[in-house]
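Written out below as C-alpha cells is the structure these notes cover.
Residue numbers start at 1 and run along the sequence shown.
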Amino acid sequence: MTSIHHVTQTNNECTGDPSASVPVKAVIFDMDGVLVDSEPIYFEVERSSFAHFGAPMTEEEHHTYVGVTLESMWRQVLDRHQLTHTLEEALAYHRKNVMQTITAHEGLVAINGLERWLDWLREKGIPVAVASSSPRSLIDLIMEKTGLGRYFDIRITGEEVSQGKPAPDIFLYAAELLDIAPAHCIVIEDSRNGVHAAKSAGMRCIGLHNPGSGQQDLSKADHNIFSYDDLWALKESLPFGE
C-alpha cells in the first residue's frame with residue numbers, strides 16, 4: 001500500500017483559497033489512466049497508426065496528446081508532419097485499430113483500489129460521472145469489459161462538446177448532467193490537458209500520477225496522488241457532502 005506521505009497538496013491547500021472548504025457533491029473521473037490503465041495500450045496503437053500514415057513521432061510529442069480527443073490529436077499530427085491524408089482517413093483507420101485492440105485485450109481491469117473508492121462514494125450518496133476524450137463506443141466497451149459500467153450511468157465523451165480538453169467544456173457539461181454546480185465537483189485526472197480543463201471549469205482537481213500516461217505535468221491540480229490508496233487516506237480531509 002502506498003503511504004499518505006506521497007500525497008502532495010498544491011494550489012488551494014497551500015494558498016488558503018476559501019474554495020478548498022466548499023462541499024464536494026460530485027466526482028467526475030477521466031477514464032483512460034484513471035479508471036483503467038489503458039494509456040500504454042493506446043500508445044502502442046497510436047504508434048502503429050502514426051507509422052501507417054508516415055508520421056515520425058518522438059516520445060515527447062506523443063505525450064502531449066494524452067487527454068485530447070482523437071480528432072484534435074489527428075488534426076495536429078497531420079498538420080505538424082505535413083501529411084497528405086485526410087482527417088477522415090486517419091480517424092477511420094485509427095478508430096478501427098483501437099476498437100479491435102481493446103476488444104481483443106484480455107487483461108483490461110479497473111485500476112487497483114478504484115472500486116473500494118467507488119463503493120465508498122456510493123455509500124456516501126456522492127454521484128459520479130465519466131468525462132473522457134475517448135469516443136462513446138470505446139467508453140462503453142471499456143465499461144463493459146471491466147465491469148465498471150454499474151457505477152457510471154453518466155458517461156460524457158469529447159465528441160459531445162464543441163471543444164475538447166484542455167478546454168473546460170466536457171467537465172461543465174458533466175456538471176450540468178449531474179445537476180451539480182461546478183464549484184461542488186472534484187475531478188480526477190492523469191493528464192496535463194485534463195487538469196487544465198478541470199481548473200478552467202472552476203472545479204477542484206486531483207492529479208493521479210500514472211506512469212503509463214507518460215511524464216505529465218499535474219502541478220496545477222489541488223492534490224497530487226500516486227494511487228487510490230493515497231486517495232483513500234486523503235478522503236477524510238476533503239469536505240465530501242458537508
Ser134 and Asp32: side chain donor to acceptor below 3.5 Å: yes
Backbone of Cys205 reached by a side-chain donor or acceptor of Lys199 within 3.5 Å: no
Test item: side-chain donor near acceptor, His209 and Asn224, under 3.5 Å: yes
Electrostatic pair Glu159:Arg95 at N-O distance under 4.0 angstrom: yes
Neighbour count >12 (heavy atoms, 6.0 Å) for atom CD, Gln215: no
Lys25 side chain reached by Cys185 side chain, heavy atoms, under 4.5 Å: no
Heavy-atom side-chain contact between Val98 and Glu46 under 4.5 Å: no
From CA spacing to verdict: side chain to side chain contact (heavy atoms under 4.5 Å, CB included), Phe53, Leu78: CA-CA 9 Å; Phe53 288 104; Leu78 293 172; 5.7 Å; no
Electrostatic pair Arg116:Asp229 at N-O distance under 4.0 angstrom: yes
Side-chain donor or acceptor of Ser48 paired with backbone N/O of Glu44 under 3.5 Å: no
Pair Phe43 and His63, ring centroids less than 6.0 Å apart: yes
Ring-ring centroid check Tyr228 Trp120, cutoff 6.0 Å: no
pair Met57-Arg47: side-chain heavy atoms closer than 4.5 Å: no
His62/Phe50 aromatic ring centres below 6.0 Å: yes
Intermediate values then yes/no, side chain to side chain contact (heavy atoms under 4.5 Å, CB included), Ile139 and Phe152: CA-CA 11 Å; Ile139 295 173; Phe152 295 101; over 6 Å; no
Residue pair Met203 / Phe171: nearest heavy atoms and the distance that separates them: CE-O, 3.1 Å
Main-chain N/O of Gly67 paired with Ser133 side-chain donor or acceptor, under 3.5 Å: yes
Check: Gln76/Ser72 side-chain N/O donor and acceptor closer than 3.5 Å: yes
Donor + acceptor pair across side chains of Asn193, Tyr65 (<3.5 Å): no
Ion pair check, Glu144 and Arg150, cut-off under 4.0 Å: no
Val187 and Ile206, any side-chain heavy atoms less than 4.5 Å apart: no
Lys96, NZ atom: more than 12 neighbouring heavy atoms under 6.0 Å: no
Backbone N/O of Asn97 and side chain of Gln100: donor-acceptor pair under 3.5 Å: no
From CA spacing to verdict: side chain to side chain contact (heavy atoms under 4.5 Å, CB included), Asn210, Ile111: CA-CA 10 Å; Asn210 186 333; Ile111 288 179; 3.9 Å; yes
Val195 and Gln216, any side-chain heavy atoms less than 4.5 Å apart: no
Donor-acceptor under 3.5 Å (Thr64 side chain, Glu61 main chain): yes
Side chain proximity check, His223 to Arg204, heavy atoms < 4.5 angstrom: no
Sidechain-backbone polar pair: Asp230 side chain, Phe226 backbone, donor-acceptor under 3.5 Å: yes
Chi angles and distances behind the side chain to side chain contact (heavy atoms under 4.5 Å, CB included) call for Thr86, Leu91: CA-CA 9 Å; Thr86 66; Leu91 286 173; over 6 Å; no
Among Ile28, Leu178, Ile170, the one residue meeting side chain to side chain contact (heavy atoms under 4.5 Å, CB included) with Ile156: Ile170
Lys235 side chain to Trp232 backbone, donor-acceptor under 3.5 Å: yes
Beyond-backbone contact of Pro56 with His81, side-chain heavy atoms, under 4.5 angstrom: yes
Check: Ala233 main-chain N/O paired with Glu236 side-chain donor or acceptor under 3.5 Å: no
Test item: Tyr151 and Val130 side chains (from C-beta on) under 4.5 Å apart, heavy atoms: no
N/O donor-acceptor pair under 3.5 Å between Glu39 side chain and Gly33 backbone: no
Residues that Asp140 engages under salt bridge (charged side-chain N to carboxylate O under 4.0 Å, His left out), provided they are two or more places apart: Arg155
Heavy-atom donor-acceptor pair, Ser38 side chain to Ile41 backbone, under 3.5 Å: no
